[in-house]
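Inspection log for the structure reproduced underneath, given as structure tokens.
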Protein chains: 2
Amino acid sequence: MKNNIKVQRAIYNMTQADLADKIGVSRQTINAMEKNKYVPSTVLSLKIARLFKISVEEIFFLEDED
Amino acid sequence: MKNNIKVQRAIYNMTQADLADKIGVSRQTINAMEKNKYVPSTVLSLKIARLFKISVEEIFFLEDED
DNA sequence: TCTATATGTAAAGTTTGTTTTACTTTTGAT
DNA sequence: ATCAAAAGTAAAACAAACTTTACATATAGA
């Protein structure tokens, strides 16, 4: 699974730490997500989508290997 | 977080085992999700949404405590 | 009522998400 | 070139997802 969190952050001019604070996780969690180190929980993706005012599907994308 | 997976299954007339097979998890995983025993990964919620031809937000709902 | 199918549940074990601490590297502004 | 903020990374520890096995309960049809 891939995501475009970094792009959304850029649109809203937020740092990884900003985003982490707003959705209640650590900065490393955001960093790891952006670097595709792991798959976040659905609660996290819903919170991120809500924050950026777009759908989960507009941020997270399934890949063939998923 | 809550979900309406059971309703979607009913619409498509699928058993928990059917759904589990289609998205590649165990039947107990589906059962536990429906009973709100745990929060699925974003990969799972994307697969379920795709299967039911609706958005993640139409199946999974954040609650105040999330 | 008997039987098959579907659902609920539980415990043990494995894998993966997430935090914390801490350090390095990059980037941008002055 | 320097400095501060931002991003990248890593290891240890903990929490939560997910599997497997196994059994109990419910439901519907013959």
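Every heavy atom of this structure was used, including side-chain atoms; hydrogens, water molecules and symmetry mates were not. Protein chains get the first letters and strands the later ones, always in sequence-line order, with residue 1 at the start of each.
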Non-hydrogen atoms of B:Ser41 and A:Thr42 that approach each other most closely: O-OG1, 3.1 Å
Which residue lies more 5' along DNA chain D, comparing B:Arg27 with B:Leu44 via nearest heavy atoms: B:Leu44
Distance, nearest 0.5 Å, that separates CD of B:Glu57 from OG of A:Ser45: 8.0 Å
Length of the CG-P vector between B:Asn31 and D:dT19, whole Å: 13 Å
B:Ser26 vs D:dT20: side-chain N/O to OP1/OP2 distance below 4.0 Å: no
Nearest-Å distance for atom pair CG/P, residues A:Asn36 and D:dG8: 12 Å
Length of the line joining B:Gln28:CD and D:dT25:P, which is rounded to integer Å: 17 Å
With A:Glu34, the salt bridge (charged side-chain N to carboxylate O under 4.0 Å, His left out) member among A:Lys6, A:Arg9, A:Lys2: A:Arg9
Pairwise 5' ranking along DNA chain C for B:Ser41 and B:Arg9, keeping only the more 5' one: B:Arg9
Check: B:Asp18 main-chain N/O paired with B:Asp21 side-chain donor or acceptor under 3.5 Å: no
Between D:dA6 (P) and A:Asp21 (CG): distance, integer Å: 11 Å
Transitive ILVMFWY side-chain link A:Met33 to A:Phe61, under 4.5 Å: no
Between D:dA16 (C1') and B:Met33 (CE): distance, integer Å: 14 Å
Exercise: do A:Ser26 and A:Thr29 side chains pair donor with acceptor under 3.5 Å: yes
B:Ile30 CD1 - D:dA17 P separation (whole Å): 14 Å
Presence of A:Lys6 side-chain N/O under 4.0 Å of D:dG8 phosphate oxygens OP1/OP2: yes
Segment of DNA chain C, first to last nucleotide, that comes within the 4.0 Å heavy-atom reach of chain A: C:dG17 to C:dA22
Short side-chain N/O contact to D:dA5 OP1/OP2 from A:Thr15, under 4.0 Å: no
Separation of D:dA7 C1' from A:Leu19 CG (nearest whole Å): 13 Å
Nucleotide D:dA6, atom P - distance to CD of A:Gln16 in whole Å: 10 Å
Exercise: identify the closest heavy-atom pair between B:Gln16 and B:Ile30: O-CG1, 3.8 Å
